[in-house]
Amino acid sequence: MRILIYSYNYHPEPIGIAPLMTELAEGLVNRGHEVRVVTAMPNYPERRIYPEYQGKWYFNEDRNGVKIQRSLVYIRPEPSLIDRVLLDGSFVLNSFPQALTGWRPQVILATVPPLPVCIPATLLGRIMGCPVVLNIQDIQHEAAVHVGLLKNQKVIRAFTELEKFACHSADKISVIADGFVENLLGKSVPAEKIALIPNWVDTNFIKPLPKEENKFRNQHQLNGKFVVLYSGNIALTQDLPTAIKAAGRLSHIPDIAFVVVGEQKALGRVKEYCEMFGANNVTLLPFQSRETLPEMLGGIDVGLVLQKHNVIGFNMPSKIPVLLSSGRAIVASVPATGTAAQAIKNSEGGIVVTPEDPEALANAILDLYKKPEKTEALGRQGREYAIAHYAFEETLNKYEALFEEVIACRKGKHKRSGPK
């Protein structure tokens, strides 16, 4: 098949959707498909175009058999609402000429967010005469409304109408968790239009590694410590203050060490939290390269998943399959009824505690510190669950089947509508 992936985020961005779309594109190439990716100049999470891509309107490159077509976007390090609109608008306008060049795809996979990507993807599908699969990783505008970040009623209505257009125009919609299915069904999206394909992890790449002689531990003076890691985005929906308060409550135990890995600029804010809450047992590190990720995860005892109590229920952090695959226990400070909590409970690979409750989080970590056999059992169970439910090869099978289905369906429609 000839597959076009329309995704704002892609390699070399280190977190979020980018690694997922990179693995998907390269995995499809390894199975003999042709893949090209229409994407932006890399800028996340710093929200600044990477130095080697600056000064270019368009840039094409080939990586591991994937044809990558990049375009310039309007980006600001601390975007206002207007800046975000301009960012999405610049990607829609600038990416479309790139999408028109190159070979004609048989199917388009358009990844949301950003939601406006549905406009060029839909138009491209009509011009090229091929089906469009909408891949929803997050319903960002709804989440923003839920936590109070988006209050402008005109903007909310505009996003609501755009979402209706996106769902109506797509031939199929792939979602990553049950919560998304329920959300779309509640918006009158037909059940037969929705395909549940959870996000994946390469279980051969992310796997349990021994903590002894671990490079990450050696490099950051963590040998002999019980290491608790938070790695990922540091924003309003991720509740870092609760984790730092919990660290402060455990600072009297010298064997327990916390590590926070994130964007350099955001780490300054976390440092202030550490000083404020007396957490002198926290090591702050910038994002690590993807190549060193297995070693980093192999050097920890517990991985944290953090959400505020008002985070919308269908939010599914991509770090959960990764932590499960690493064979390390999870402690999740997340809403009990949300998708994240359900995934962790189903895996039996972690503990869920009340969000925004530093004492509950500290007690859960302390319990695992005192019970190494329980910590190891959670890690083993999580690893088994990751292999059974999040294995990359099985995900590739599902996407291949989905693409073949929409291509065949489109051909069938053309035959039925042809001359009699």
Quick test of your reading: applying salt bridge (Lys or Arg N to Asp or Glu O under 4.0 Å), list the pairs with at least one residue in residues 57-74, sequence neighbours left out, ordered by first then second residue. E26-R63, E61-R70

Rounded distance [0.5 Å steps], OH in Y58 versus CG in N94: 5.0 Å

From CD1 (I365) to CD1 (I351), nearest 0.5 Å: 9.5 Å

Main-chain N/O of A18 paired with T22 side-chain donor or acceptor, under 3.5 Å: yes

Using the side-chain contact (heavy atoms from CB on, under 4.5 Å) rule, take I330 and V305 through it: C-alpha gap first, then chi angles, then the decisive distance, then the call. CA-CA 7 Å; I330 295 175; V305 178; 3.9 Å; yes

Stepwise side-chain contact (heavy atoms from CB on, under 4.5 Å) check, V261 with M296: CA-CA 10 Å; V261 177; M296 180 180 77; 4.0 Å; yes

L368 backbone acceptor or donor facing T375 side chain under 3.5 Å: yes

Report yes if the side chains of P97 and L100 come closer than 4.5 Å at any heavy-atom pair, otherwise no. no

Quick test of your reading of the model: are E400 and R31 salt-bridged, counting only N-O distances below 4.0 Å? yes

Donor-acceptor pair, S326 side chain versus I206 backbone, under 3.5 Å? no

Sequence neighbours excluded, the answer for side chain to side chain donor-acceptor pair (under 3.5 Å) partners of Q98 is N60

Applying ring-ring contact (aromatic ring centres under 6.0 Å, His included), can you list everything that pairs with Y390, at least two apart in sequence or on another chain? Y385

Note, E34 side chain near M1 side chain (heavy atom, < 4.5 Å): no

Search all heavy atoms of P190 against all heavy atoms of L185 and return the closest pair with its distance. C-CD2, 4.5 Å

Ion pair present between K374 and D367, side-chain N to carboxylate O less than 4.0 angstrom? yes

Approximate separation, where rounding is to 0.5 Å, of I344 CD1 and L323 CG: 8.5 Å

Between F392 and V201, is a side-chain contact (heavy atoms from CB on, under 4.5 Å) present by the stated rule, with each step listed? CA-CA 6 Å; F392 183 44; V201 60; over 6 Å; no

Are V228 and I300 close enough that some pair of their side-chain heavy atoms sits under 4.5 Å apart? no

Using the test side chain to side chain donor-acceptor pair (under 3.5 Å), find all partners of N43 that sit at least two apart in sequence or belong to another chain. Y8

In sequence, state the C-alpha distance, the side-chain angles, and the governing distance for V260 and I234, and then conclude on side-chain contact (heavy atoms from CB on, under 4.5 Å). CA-CA 10 Å; V260 175; I234 299 172; 4.1 Å; yes

Does anything in residues 10-24 form a salt bridge (Lys or Arg N to Asp or Glu O under 4.0 Å)? List the pairs, not counting sequence neighbours. E23-R290

So, T39 side chain and S7 main chain: donor-acceptor pair closer than 3.5 Å or not? yes

Can you name the nearest heavy-atom pair linking P208 to S325, along with the distance? CD-O, 3.7 Å

Which heavy atom in V132 sits nearest to a heavy atom in G125, and how many Å separate them? CG2-CA, 4.1 Å

Do V259 and V282 come within less than 4.5 Å of each other through their side chains, counting heavy atoms only? no

Solution key, residues 172-181 side-chain donor-acceptor pairs under 3.5 Å, sequence neighbours excluded:
unit_1 : atom_1 : unit_2 : atom_2 : d
K172   : NZ     : E192   : O      : 2.6
K172   : NZ     : E405   : OE2    : 3.3
S174   : OG     : N135   : ND2    : 3.0

Quick one: are F91 and F96 in side-chain contact, heavy atoms under 4.5 Å? no

Is the shortest side-chain heavy-atom distance between R48 and R76 below 4.5 Å? no

The reported gap from SG in C274 to CG in L267 (rounded to nearest 0.5 angstrom) is 9.5 Å

Answer yes or no: is there a donor N or O on one side and an acceptor on the other, between the side chain of E213 and the main chain of K211, under 3.5 Å? no

Is D171 salt-bridged to K193, going by a charged N under 4.0 Å from an acidic O? no

With the side chain counted from C-beta on, respond yes when D202 and W200 share a heavy-atom pair under 4.5 Å apart, and no when they do not. no

Mind listing the side-chain donor-acceptor pairs of residues 245-254 below 3.5 Å, one per line with the distance, residues two or more places apart or on another chain?
unit_1 : atom_1 : unit_2 : atom_2 : d
S251   : OG     : G248   : O      : 2.9
H252   : ND1    : R249   : O      : 3.2

Do the side chain of E295 and the main chain of K215 share a donor and acceptor less than 3.5 angstrom apart? yes

What ring pair (Phe, Tyr, Trp, His ring centres under 6.0 Å) pairs are there with at least one residue in residues 11-53, not counting sequence neighbours? Y53-F59

Rounding to 0.5 Å, atoms CD1 (I15) and CD (Q288) come to a distance of 12.5 Å

Would you find a donor on one side and an acceptor on the other, under 3.5 Å apart, between the side chain of S169 and the backbone of F165? yes

Determine whether R47 and E78 satisfy the following criterion, salt bridge (Lys or Arg N to Asp or Glu O under 4.0 Å), listing intermediate values before the conclusion. CA-CA 8 Å; R47 296 184 178 86; E78 297 180 6; over 6 Å; no

Given D301, which of R217, K225, R328 fulfils the salt bridge (Lys or Arg N to Asp or Glu O under 4.0 Å) condition? R217

Can you confirm whether the side chains of T101 and Q69 place a donor and an acceptor under 3.5 Å from each other? yes

Short side-chain to backbone donor-acceptor contact, S90 and L87, under 3.5 Å: yes

Specify the closest pair of heavy atoms between P14 and P19, including all atoms of both residues, with the distance to one decimal. O-CG, 3.3 Å

Could you list the residues that satisfy side chain to side chain donor-acceptor pair (under 3.5 Å) with K265, not counting sequence neighbours? none

I'd like to check the side chain to side chain donor-acceptor pair (under 3.5 Å) partners of N199; sequence neighbours left out, ordered by chain and number. Q137

Please check this pair: side chain of S80 against backbone of D83, looking for a donor-acceptor N/O pair closer than 3.5 Å. yes

For the residue pair L284 and K271, establish whether any side-chain heavy-atom pair is separated by less than 4.5 Å. yes

Run E393 and N397 through side chain to side chain donor-acceptor pair (under 3.5 Å) and show every step you take. CA-CA 6 Å; E393 292 301 316; N397 291 340; over 6 Å; no

Give the minimum heavy-atom separation between L361 and S333, together with the two atoms involved. CD1-CB, 4.4 Å

Can you give the donor-acceptor pairs under 3.5 Å from side chains of residues 104-115 to other protein atoms, not counting sequence neighbours?
unit_1 : atom_1 : unit_2 : atom_2 : d
R104   : NH1    : M128   : O      : 2.9
Q106   : OE1    : R2     : N      : 2.8

R36 side-chain N/O to W103 backbone N/O, donor-acceptor pair under 3.5 Å: yes

At what distance, to the nearest 0.5 angstrom, does OH of Y230 lie from CD1 of I244? 11.0 Å

Could you tell me which residues satisfy ring-ring contact (aromatic ring centres under 6.0 Å, His included) with F226, sequence neighbours excluded, listed by chain and number? Y369

